[in-house]
Amino acid sequence: MSKRVRVRFAPSPTGGLHIGGVRTALFNYLFAKKHGGDFLLRIEDTDQTRFVEGAEEYIIETLKWCGIEPNEGVGYGGEYGPYRQSERKPMYRQYAERLVEAGHAYYAFDTPQELEEMRERMKAAGNPAPQYNWATREYMKNSLTLPSDVVKQKLEAGEPHVIRIKMPRNEEVKFEDLIRGWVSFQTNQVDDKVLLKADGMPTYHLAVVVDDFTMKISHAFRGEEWLPSAPVHILLYKYLGWEAEMPLWAHLPLILKPDGNGKLSKRDGDRLGFPVFSLDWTTKDGERQSGFRERGFLPEALINFLVLLGWNPGIAQEIFTLDEMVERFDIARVHQAGAKFDFEKCKWFNHQYVQKISNSQLADVTEKILAEKNIKAERAFVEHICGLVKERCTFMNDVWDNAFFFFQRPEKYDVEAVKPKWTEEKNTFFNVLISQFENLPNWENADIEKCFKDLATEKNIKVGELQMPFRIMLCGGKFGPPVFEIAHTIGKNETVERIKLALKQF
């Protein structure tokens with residue numbers, strides 16, 4: 001680390017931010033914090049045809065919710081701006097022209113029809129994956145095949161053209177990846193990528209190199225799907241004379257579908273039964289795709305889950321605070337192989353974090369649900385209920401499902417669970433219990449339990465055979481906190497009324 005660590009998260013505003021992108025941002029954040037460096041947010045919007053309104057704001061909101069905010073970039077400022085590539089458009093052509101002048105790039109005037117004809121010829125000749133490369137460029141309409149005066153005339157006339165990199169023949173491009181070690185490519189297998197489009201906007205290949213250099217990026221972390229593009233970027237650094245300033249590369253492993261069969265994509269959102277976006281996202285078609293936040297996940301739990309998708313902390317510990325992640329994070333411990341997305345494990349993490357939060361925080365969420373149902377309850381009561389059922393909650397909004405019977409009487413009872421062992425003796429027991437409960441001077445847990453068990457002993461009925469029907473009387477089903485705690489919480493009168501109503505059903 002001879003120079004200041006500067007890393008960037010550079011998403012495209014083409015839709016909601018997939019959790020794979022969130023993990024990339026997280027690894028950048030952890031690395032920067034670990035080394036006291038800078039974490040930048042850069043918006044790569046060179047492809048204006050795919051721009052989606054609201055996507056940039058969504059990205060910023062996601063990073064804020066996850067607690068991994070940049071300290072520089074779009075929405076945060078900094079001395080290396082602008083941080084949107086569309087706002088940097090004028091600067092890219094000079095670098096593309098410099099490459100042309102040095103013989104490392106060329107103008108290409110081919111029309112879409114001519115490009116399609118080339119591809120069809122190549123396919124007919126037995127090449128299933130035709131490319132514009134060292135072989136085909138010699139037969140296309142570009143500054144390598146046209147006379148210089150013709151090229152000049154076309155440029156002066158403003159004829160549409162692109163600038164392509166001129167990939168060398170029979171060369172090996174090698175670089176050391178922080179995760180994968182030494183990686184090499186044969187240039188014959190790489191096509192002449194477009195660097196500058198006809199509209200003057202750069203492609204990713206030129207923009208990422210120019211931006212990383214001018215923003216003094218020290219390390220570039222990105223998904224492994226960009227690995228095939230690495231030789232183009234490395235050559236651009238070389239051709240532009242910036243080789244000594246090239247960032248160190250790390251190509252992160254993919255997040256795979258739960259069965260390991262392919263990359264988890266945006267299109268998998270909700271289709272596989274779980275979200276793949278941090279926050280709810282509405283597509284251009286009006287389709288709403290659910291987010292982890294709206295499903296009741298805590299950001300700390302999601303981040304904890306994501307950090308372990310591809311990174312091994314080297315210890316058995318699984319629960320990490322963000323500060324602990326920063327302290328332990330080491331890019332060398334990131335795996336090469338893809339990591340399967342396990343939604344059940346993700347829920348387990350959320351359950352662990354729900355247990356850590358205060359009853360007051362849970363009550364904030366629960367009160368919103370109660371308001372939607374037009375149920376009024378004292379704040380202290382709501383907080384108490386949250387404390388009773390928190391252990392059973394996987395999500396922030398699980399309190400209602402686990403505690404609805406504290407706020408309203410059951411609308412139905414699991415009678416089928418009672419019927420097989422229901423007897424006249426048990427019916428008599430509960431009728432007598434009503435009378436004893438009504439006369440019980442102290443309505444505390446211990447007093448309720450003692451009254452219940454003493455009567456069971458007197459009637460010679462096992463307590464275990466009575467507690468389950470009692471629970472169903474109060475809750476409607478075989479669930480909830482300790483049954484005597486439920487009775488104490490809802491109060492004497494309500495307990496008695498629920499027993500009476502349930503006995504009619506039983």
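Note that this is a predicted model, so its numbers are computed, not measured.
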Visitor: Please report the closest heavy-atom contact between His335 and Ile179, naming both atoms and the distance.
Guide: O-CG2, 3.6 Å
Visitor: Any chance CD of Gln113 has more than 12 other-residue heavy atoms, nucleotides or ligands included, within less than 6.0 Å?
Guide: no
Visitor: Heavy-atom count around Glu87 CD within 6.0 Å, excluding the residue itself: above 12?
Guide: yes
Visitor: Does a side-chain N-to-carboxylate-O contact under 4.0 Å join Lys347 and Glu344?
Guide: yes
Visitor: In the structure I gave you, are the side-chain heavy atoms of Lys34 and Val5 within less than 4.5 Å of one another anywhere?
Guide: no
Visitor: State which residue, out of Val22, Ile303, Leu17, Leu306, fulfils the side-chain contact (heavy atoms from CB on, under 4.5 Å) condition with Ser278.
Guide: Val22
Visitor: Has Arg164 got its NZ or CZ under 6.0 Å from the middle of the six-membered ring of Tyr132, at an angle within 45 degrees of the ring axis?
Guide: yes
Visitor: Is the shortest side-chain heavy-atom distance between Leu362 and Met396 below 4.5 Å?
Guide: yes
Visitor: Tyr95 and side-chain contact (heavy atoms from CB on, under 4.5 Å): which partner among Val209, Val210, Leu195, Leu196?
Guide: Val210
Visitor: Ignoring hydrogens, what is the shortest heavy-atom contact between Phe221 and Val7? Give both atom names and the distance.
Guide: CE1-CG1, 4.4 Å
Visitor: Answer yes or no: does atom CD of Glu53 have more than 12 heavy-atom neighbours from other residues, nucleotides or ligands under 6.0 Å?
Guide: no
Visitor: To the closest 0.5 Å, what do you measure between CZ (Arg84) and CZ (Arg42)?
Guide: 13.5 Å
Visitor: Excluding sequence neighbours, so at least two apart, what forms salt bridge (Lys or Arg N to Asp or Glu O under 4.0 Å) with Lys154?
Guide: Glu159
Visitor: Classify the side-chain pair Arg6/Ser218 by whether it contains a donor and acceptor separated by less than 3.5 Å.
Guide: no
Visitor: With sequence neighbours left out, what residues match Phe297 under ring pair (Phe, Tyr, Trp, His ring centres under 6.0 Å)?
Guide: Phe292, Phe343, Phe395
Visitor: Are Tyr80 and Asp38 close enough that a side-chain donor and a side-chain acceptor fall under 3.5 Å?
Guide: no
Visitor: Verify, without hydrogens or angle tests, whether Asp280 (side chain) and Arg288 (backbone) share a donor-acceptor contact under 3.5 angstrom.
Guide: no
Visitor: Got a salt bridge between Asp268 and Arg271, using NZ or NE/NH1/NH2 to carboxylate O under 4.0 Å?
Guide: yes
Visitor: Only distances under 3.5 Å count here; give the side-chain donor-acceptor pairs of residues 229-240 to other protein atoms, sequence neighbours excluded, each with its distance to 0.1 Å.
Guide:
{"unit_1": "His233", "atom_1": "ND1", "unit_2": "Arg222", "atom_2": "NH1", "d": "3.1"}
{"unit_1": "His233", "atom_1": "ND1", "unit_2": "Arg222", "atom_2": "NH2", "d": "3.2"}
{"unit_1": "His233", "atom_1": "NE2", "unit_2": "His205", "atom_2": "ND1", "d": "3.0"}

Visitor: If I take atom CD from residue Glu300 and atom CG from residue Leu322, how far apart are they, to the nearest 0.5 angstrom?
Guide: 9.0 Å
Visitor: Which of these, Val389, Asn359, Val399, Asn397, sits in a side-chain contact (heavy atoms from CB on, under 4.5 Å) with Thr366?
Guide: Val399
Visitor: Regarding Glu101 and Arg98, does a basic nitrogen lie under 4.0 Å from an acidic carboxylate oxygen?
Guide: no
Visitor: Show your reasoning for whether ring pair (Phe, Tyr, Trp, His ring centres under 6.0 Å) applies to Phe305 and Phe341.
Guide: CA-CA 10 Å; Phe305 170 69; Phe341 185 91; 5.2 Å; yes
Visitor: Hey, do the aromatic rings of Phe27 and Phe9 have their centres closer than 6.0 Å?
Guide: no
Visitor: Could you tell me whether Lys257 atom NZ has more than 12 heavy atoms of other residues or ligands within 6.0 Å of it?
Guide: yes
Visitor: Between CG of Leu309 and CG of Leu252, what distance do you get to the nearest 0.5 Å?
Guide: 12.0 Å
Visitor: When you measure from the side chain of Asn350 to the backbone of Ala301, do you find a donor-acceptor pair of N or O atoms at a distance under 3.5 Å?
Guide: no
Visitor: When you measure from the side chain of His351 to the backbone of Cys393, do you find a donor-acceptor pair of N or O atoms at a distance under 3.5 Å?
Guide: yes
Visitor: Salt bridge or not for Arg328 and Asp330, using N-O below 4.0 Å?
Guide: no
Visitor: Please step through side-chain contact (heavy atoms from CB on, under 4.5 Å) for the pair Tyr107 and Glu97, ending with a clear verdict.
Guide: CA-CA 9 Å; Tyr107 303 110; Glu97 296 285 3; 2.4 Å; yes
